[in-house]
Amino acid sequence: MADLFTPLLAEEPAREALADGAMLLRGLALPFASALIEAIHGIAAISPFRHMVTAGGHAMSVATTNCGAAGWVSDRSGYRYDAIDPETRKPWPEMPECFAALAELAAIQAGHAQFRPDACLINRYVPGARLSLHQDRNERDFAQPIVSVSLGLPAIFRFGGIRRNDPVRKFALHHGDVVVWGGPARLRFHGVAELKDGFHDQLGRQRINLTFRRAR
Ligand code: MD3
Ligand code: FE
């Protein structure tokens with residue numbers, strides 16, 4: 001599979017270690033961006049973006065959908081992965097080939113061979129939307145990394161420690177940036193600051209983030 005990407009990797013990608021286990025691959029998704037955006041429109045036509053409700057009963061400011069065999073869902077009873085979209089009562093749309101290929105490429109670049117995501121959570125931010133500090137712990141095997149892909153407007157990402165009150169660092173994630181979160185970074189608290197207004201050529205007034213996971 002890695003051979004398919006050789007033309008894209010004629011130059012070494014800019015790799016930046018954010019922390020032990022967290023690798024930023026700036027611009028890695030740029031050659032895929034148009035294909036990813038087209039695929040996102042196709043997914044949202046089947047399983048629309050919606051504002052899920054947290055266990056505490058608040059609608060999230062971020063709108064969400066999923067593709068793949070498992071999708072992340074939240075409601076008054078809590079967070080979990082489910083093969084069925086609760087809105088459509090049908091399976092989530094299949095994971096497009098360009099999604100799986102990019103996730104695998106990124107994982108290989110960060111030293112995680114054999115990453116085969118079964119879930120892709122798609123988050124949509126409009127100006128003002130934010131994601132409060134949290135850990136991702138609904139997946140079965142924390143040895144599996146999470147790959148995140150940023151598209152559209154830039155966001156300030158907040159990266160904490162393994163305890164909620166650990167200090168938080170901030171850095172910007174731009175269109176095309178990919179981060180692989182594995183090893184000791186896998187259970188660190190993280191969030192996204194309120195999205196600033198702006199306009200992106202391909203996505204307009206929004207940011208879309210893909211997170212690829214091995215849920216089961
Ligand atoms: C660090 N999404 O969906 S991606 C999420 O931009 C989520 O929509 C954010 O956090 C977004 O759960 C951030 C970056 C990210 C994803 C998973 C992580 C960072 C992570 C898991 C562990 C540590
Ligand atoms: Fe998260």
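Remember, it's 1-based here, ligands and their atoms both numbered in the order they're listed.
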Practice item. Using a strict cut-off of less than 4.0 Å between a Lys/Arg side-chain nitrogen and an Asp/Glu carboxylate oxygen, indicate whether Arg80 and Asp75 qualify as a salt bridge. Key: yes
Donor-acceptor contacts under 3.5 Å from residues 33-47 side chains, at least two apart:
from, atom 1, to, atom 2, distance (Å)
Ser34, OG, Gln202, NE2, 3.4
Ser47, OG, Asp85, OD2, 2.7

Across all chains, not counting sequence neighbours, the side-chain hydrogen bond (donor to acceptor under 3.5 Å, both in side chains) partners of Tyr81 are Glu139, Arg213
Within the heavy-atom cut-off of under 4.0 Å, ligand 1 is lined by Leu121, Asn123, Tyr125, Leu131, His134, Asp136, Ile146, Ser148, Phe157, Trp181, Ala185, Arg186, Arg188, His190, Val192, Arg207, Asn209, Thr211, Arg213
The angle formed at the Fe ion (ligand 2) by NE2 of His134 and OD1 of Asp136 is about (to 10 degrees) 80°
For Pro117, the side chain to side chain contact (heavy atoms under 4.5 Å, CB included) test, sequence neighbours excluded, returns Met95, Ala103, Phe115, Phe212
>> Between Val192 and Arg207, is there a side-chain heavy-atom distance shorter than 4.5 Å?
In response: yes
Report task. May I ask you to decide if the ring planes of Phe157 and His190 are parallel, tilted or perpendicular, using 30° and 60° as cut-offs? Result -> parallel
With no hydrogens and no angle check, is any side-chain donor or acceptor of Arg188 less than 3.5 Å from a backbone partner on Ala19?
no
Which atom of His190 is nearest the Fe ion (ligand 2), counting N, O or S only? It is NE2
